[in-house]
Amino acid sequence: GAVVSQHPSWVICKSGTSVKIECRSLDFQATTMFWYRQFPKQSLMLMATSNEGSKATYEQGVEKDKFLINHASLTLSTLTVTSAHPEDSSFYICSARGAPAEGYNEKLFFGSGTQLSVL
Amino acid sequence: DAKTTQPPSMDCAEGRAANLPCNHSTISGNEYVYWYRQIHSQGPQYIIHGLKNNETNEMASLIITEDRKSSTLILPHATLRDTAVYYCIVRVELRAQKLVFGQGTRLTINP
């Protein structure tokens with residue numbers, strides 16, 4: 001099956017710094033990528049949807065200036081948490097949706113997640 | 001997308017069949033039932049999906065009632081590695097852009 005690689009798997013940073021998380025589709029072209037966050041013992045919460053070459057669409061309540069999303073190519077999307085604070089500590093997960101021609105249209109493939117801890 | 005209701009937790013003995021129910025009474029005719037699972041500290045994994053007919057693959061079987069208002073995911077011979085949170089999601093297959101997760105069922109397989 002399709003593989004989505006997410007890096008890093010965990011990161012610890014100081015308050016006020018920025019952290020970048022990468023999400024790559026390894027064997028298919030991801031026309032759309034999604035970013036989720038998940039707090040302990042809670043479900044995944046969709047943060048934003050990004051389409052290659054266009055601006056991301058953010059869910060209500062998600063600050064677009066704080067969570068910068070770039071989807072510059074069909075295989076790479078990045079999430080940058082700017083000026084991180086302890087309350088941003090969470091598990092961040094990306095997912096990718098393939099192009100219909102590649103037969104992946106009906107499934108979403110997920111990365112392994114990034115645990116962010118802000119001190 | 002239609003809402004789904006799942007029990008918050010279930011237990012099952014190793015080697016037995018695990019049957020996870022999901023209610024989706026407001027499902028529309030063009031909405032599919034998807035199942036994903038999330039093992040602790042990992043990203044969700046696709047299991048199976050279906051529209052009307054029962055489906056089976058190497059991981060599980062999906063039984064959808066005739067009125068499509070509920071479904072059951074069956075893991076035929078549960079192992080300890082099947083311990084995870086299982087999410088039942090209803091969505092339009094081709095037009096919907098995003099996957100919205102509910103609370104899911106925390107399935108624990110006991111030795």
Side-chain angles (χ1 to χ4, degrees), chain A residues 1-7 9-10 21 23-25 30-52 54 56-60 62 90-101 103-117, chain B residues 1 3-10 20 22 30-53 55 57-60 62 64 73 81 83-108:
Chain A
V3 177
V4 175
S5 174
Q6 189 173 339
H7 179 81
S9 56
W10 60 270
I21 302 170
C23 182
R24 294 179 184 273
S25 57
T31 52
T32 306
M33 286 189 174
F34 305 90
W35 287 94
Y36 294 81
R37 67 186 298 183
Q38 185 176 32
F39 293 108
K41 297 189 177 181
Q42 293 187 23
S43 187
L44 288 81
M45 183 190 78
L46 180 67
M47 298 175 68
T49 301
S50 72
N51 293 296
E52 186 264 338
S54 61
T57 302
Y58 290 81
E59 296 297 304
Q60 192 173 8
V62 178
S90 185
F91 191 57
Y92 292 87
I93 307 167
C94 71
S95 70
R97 180 171 178 263
Y104 292 138
N105 191 51
E106 73 276 15
K107 301 177 188 176
L108 285 180
F109 300 95
F110 288 81
S112 55
T114 298
Q115 180 63 52
L116 170 63
S117 297
Chain B
D1 293 335
K3 287 187 177 179
T4 61
T5 303
Q6 298 177 253
S9 64
M10 291 182 64
L20 292 89
C22 180
N30 60 348
E31 289 181 311
Y32 288 70
V33 180
Y34 284 78
W35 283 85
Y36 281 77
R37 73 179 182 183
Q38 185 180 24
I39 296 170
H40 182 62
S41 296
Q42 296 183 26
Q45 175 190 23
Y46 167 84
I47 300 174
I48 199 168
H49 77 288
L51 181 63
K52 293 181 181 179
N53 300 320
E55 302 287 343
N57 62 21
E58 64 279 3
M59 290 183 68
L62 173 61
I64 302 174
L73 178 74
R81 288 176 294 180
T83 292
V85 178
Y86 287 76
Y87 296 98
C88 168
I89 302 165
V90 172
R91 68 190 282 257
V92 176
E93 182 184 48
L94 295 179
R95 282 179 284 162
Q97 285 289 317
K98 56 189 181 184
L99 209 60
V100 177
F101 288 80
Q103 295 304 308
T105 295
R106 185 173 297 275
L107 175 67
T108 302

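In what follows, every heavy atom counts, from backbone to side chain, and hydrogens, waters and symmetry copies are set aside. Within every chain, numbering begins at 1; the chains are lettered A, B, ... in the order of the sequence lines, protein sequences first and strands thereafter. What you see is a predicted model, and the numbers here were worked out from it, not measured in a lab.
- Identified under the salt bridge (Lys or Arg N to Asp or Glu O under 4.0 Å) test for residues 34-48 of chain A, with sequence neighbours left out: none.
- Between B/Q42 and A/S112 the shortest side-chain heavy-atom distance does not fall below 4.5 Å.
- Side-chain contact between A/L44 and B/P44: present, with at least one pair of heavy atoms (C-beta onward) separated by less than 4.5 Å.
- When heavy atoms are compared at a cutoff of 4.5 Å, A/Q115 does not approach chain B at all.
- Every residue was checked against the salt bridge (charged side-chain N to carboxylate O under 4.0 Å, His left out) condition with B/R106, not counting sequence neighbours, and none meets it.
- Heavy-atom distances place the side chain of A/Q38, and not its backbone, under 4.5 Å from chain B.
- Taking the ring centroids of A/F110 and B/Y87, they lie at or beyond the 6.0 Å cut-off.
- Side-chain contact between A/L108 and B/Y34 is absent, with no heavy-atom pair separated by less than 4.5 Å.
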